[in-house]
Number of protein chains: 2
Amino acid sequence: MAGTRLDPIDRKILAELQADGRMTNVELARRVGISAPPCLRRVRTLEESGYIKGYHAEVDARELGFEVQVFAMVGLASQAEADLTAFENRCRAWPLVRECHMLNGEVDFILKCAAPDLSGFQKFLTGELLTTPNVASVKTSLVIRCAKDDPGVPFDVLEARLSAAG
Amino acid sequence: MAGTRLDPIDRKILAELQADGRMTNVELARRVGISAPPCLRRVRTLEESGYIKGYHAEVDARELGFEVQVFAMVGLASQAEADLTAFENRCRAWPLVRECHMLNGEVDFILKCAAPDLSGFQKFLTGELLTTPNVASVKTSLVIRCAKDDPGVPFDVLEARLSAAG
DNA sequence: AGTGAAAGTACAGCTGA
DNA sequence: TCAGCTGTACTTTCACT
């Protein structure tokens with residue numbers, strides 16, 4: 001299932017659904033050049049095999065009152081596996097933390113956070129993140145503005161690589 | 001249109017569609033507790049007023065051969081507005097750069113990049129990013145693993161704030 | 001509620017190993 | 001020959017007025 005090889009039509013389906021996840025199946029079929037039933041079967045297969053992990057509406061955070069976006073660089077005192085996973089579990093429980101990535105290099109984790117306002121974030125920072133056991137250092141950077149926020153992967157790069165490889 | 005106030009049903013619709021963007025309208029209506037036709041009208045209104053900016057399939061980058069995810073912290077020599085926007089436009093043209101956020105503090109931009117492998121990223125780093133005019137410093141951190149990657153905003157936080165405010 | 005379109009199912013034909 | 005995918009025909013469900 002994981003190693004299922006994708007043909008060009010499958011990749012086109014993924015690219016189209018990444019760009020517009022609510023496209024109807026007939027429109028999708030038209031765009032990838034096959035009829036609707038096999039197109040739907042391919043979509044189901046891609047979902048079941050894990051290539052498609054879900055569908056999400058992209059909502060406007062600012063319009064909804066989440067004015068503040070912050071990146072937090074976190075260093076831990078102990079990098080033992082148990083301590084790393086303990087911190088990850090904390091992050092999963094914090095709704096303000098939208099993303100949590102473990103990094104190499106000097107900083108252990110980077111968190112992408114969304115908060116209604118600065119005081120809301122400060123409250124989380126001082127009341128939650130900084131009081132968490134094993135958290136040694138936190139450096140935060142406010143997002144001034146977002147120039148690009150594309151979802152997923154660049155399919156044109158993928159196609160270029162595949163055609164180069166043959 | 002931008003300042004349109006949302007009622008609890010609208011917010012529930014947004015929360016449901018953020019969690020599952022391909023849900024049918026009848027299922028969505030059932031979950032938010034209204035009948036299908038007004039539910040569809042609300043969705044259309046939310047789309048047109050910009051609360052919903054789009055729908056996207058969440059694809060598995062690793063399965064597709066994008067093994068490497070990197071955060072790049074970029075410092076510019078000049079932070080004049082024209083130079084900032086020039087760099088942002090560069091980022092928009094680079095497919096490997098998926099996100100580009102301008103930050104406050106010591107670093108000017110943070111980029112989230114996706115690449116097929118390390119050499120592919122290195123090629124981009126040395127051949128593109130580091131040779132860009134005005135780029136003074138770049139620090140990169142490889143993502144070891146991703147503990148959390150939730151889309152959008154935490155609607156439970158929003159509801160808590162609204163009920164607290166009255 | 002009612003119409004028209006899309007989703008989903010069953011089956012038969014084609015293509016390539 | 002056989003497996004796998006495709007397309008046509010049909011039923012059910014949904015979108016939309």
Side-chain angles (χ1 to χ4, degrees), chain A residues 1-60 63-64 151-153 155-156 158-159 161-166, chain B residues 1-2 4-60 63-65 151-152 155:
Chain A
M1 48 181 73
T4 310
R5 200 81 192 93
L6 299 181
D7 67 9
I9 295 179
D10 288 322
R11 296 196 298 270
K12 192 91 199 307
I13 287 175
L14 290 174
E16 292 289 344
L17 286 180
Q18 181 175 276
D20 179 5
R22 225 175 148 78
M23 192 184 301
T24 65
N25 183 58
V26 296
E27 171 66 12
L28 179 62
R30 194 189 62 75
R31 293 196 186 200
V32 304
I34 60 178
S35 66
C39 183
L40 185 62
R41 277 195 293 270
R42 281 169 180 265
V43 172
R44 292 285 174 269
T45 304
L46 290 169
E47 289 168 355
E48 284 159 19
S49 57
Y51 283 99
I52 296 175
K53 295 195 284 184
Y55 301 90
H56 308 285
E58 180 189 358
V59 305
D60 192 314
E63 288 288 326
L64 279 167
V153 299
F155 278 95
D156 45 358
L158 185 64
E159 294 300 332
R161 278 181 73 87
L162 290 172
S163 64
Chain B
M1 48 182 69
T4 310
R5 200 82 192 93
L6 299 181
D7 67 9
I9 294 179
D10 288 323
R11 295 196 299 273
K12 191 90 201 304
I13 287 174
L14 291 174
E16 292 290 344
L17 285 180
Q18 181 176 274
D20 179 6
R22 225 174 148 77
M23 192 183 304
T24 65
N25 182 58
V26 295
E27 171 66 12
L28 179 63
R30 195 189 61 76
R31 293 195 185 200
V32 304
I34 61 178
S35 65
C39 184
L40 186 62
R41 274 197 299 273
R42 282 168 180 267
V43 172
R44 292 285 173 269
T45 304
L46 290 169
E47 288 169 354
E48 284 159 18
S49 57
Y51 283 99
I52 296 175
K53 295 196 284 185
Y55 301 89
H56 306 284
E58 180 189 358
V59 305
D60 190 314
E63 289 288 326
L64 279 167
F155 278 95

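In what follows, chains are A, B, ... by sequence order, proteins preceding strands, each numbered from 1.
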Undergrad: Considering only side-chain heavy atoms of A:R44, which listed nucleotide, C:dA7, C:dG8, D:dT17, is closest?
TA: C:dG8
Undergrad: Can you name the nearest heavy-atom pair linking A:V32 to A:C39, along with the distance?
TA: CG2-SG, 4.4 Å
Undergrad: In a check of side-chain hydrogen bond (donor to acceptor under 3.5 Å, both in side chains) between A:H56 and each of B:Q18, B:E58, B:H56, which one passes?
TA: B:E58
Undergrad: Just the rounded figure in Å: distance from C1' of C:dA6 to CD of B:E27.
TA: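 My rounded result for the distance is 18 Å.
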Undergrad: Whole-Å distance between C:dG16 C1' and A:D7 CG?
TA: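 In whole Å, C:dG16 C1' lies 14 Å from A:D7 CG.
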Undergrad: Find the distance A:D10:CG to D:dG4:C1' and express it as a whole number of Å.
TA: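 Nearest whole value for this atom pair: 13 Å.
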Undergrad: Using whole Å, report how far CD1 of A:I9 lies from C1' of D:dC5.
TA: 10 Å
Undergrad: May I have the distance from A:L6 (atom CG) to D:dC5 (atom P), rounded to whole angstrom?
TA: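 Atom CG in A:L6 sits about 12 Å away from atom P in D:dC5.
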Undergrad: Are any non-hydrogen side-chain atoms of B:V59 and A:L46 less than 4.5 angstrom apart?
TA: no
Undergrad: Rounded to the nearest angstrom, tell me the gap between atom CG in A:L40 and atom C1' in D:dC5.
TA: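 In whole Å, D:dC5 C1' and A:L40 CG are 15 Å from each other.
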Undergrad: Could you tell me how far apart A:N25 (CG) and C:dT9 (P) are, to the nearest whole angstrom?
TA: 12 Å
Undergrad: Between A:I34 (CD1) and C:dT15 (P), how many Å, whole number?
TA: 17 Å
Undergrad: Indicate, with a heavy-atom threshold strictly under 4.0 Å, whether A:R42 touches base, sugar-phosphate, or nothing.
TA: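 Counting heavy atoms under 4.0 Å across all strands, the contact made by A:R42 is with sugar-phosphate only.
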Undergrad: Tell me the closest heavy-atom pair linking A:A36 and A:V26, and the distance in Å.
TA: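 Taking A:A36 first and A:V26 second, the nearest heavy atoms are CB-CG1, 4.1 Å.
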Undergrad: Of the listed nucleotides (D:dC14, D:dC5, D:dA9), which one gets closest to any side-chain atom of A:P37?
TA: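 When the side chain of A:P37 is considered, D:dA9 is the closest of D:dC14, D:dC5, D:dA9.
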Undergrad: Counting the atoms with a prime plus P, OP1 and OP2 as sugar-phosphate, which does B:R41 contact under 4.0 Å by heavy atoms, base, sugar-phosphate, or nothing?
TA: nothing
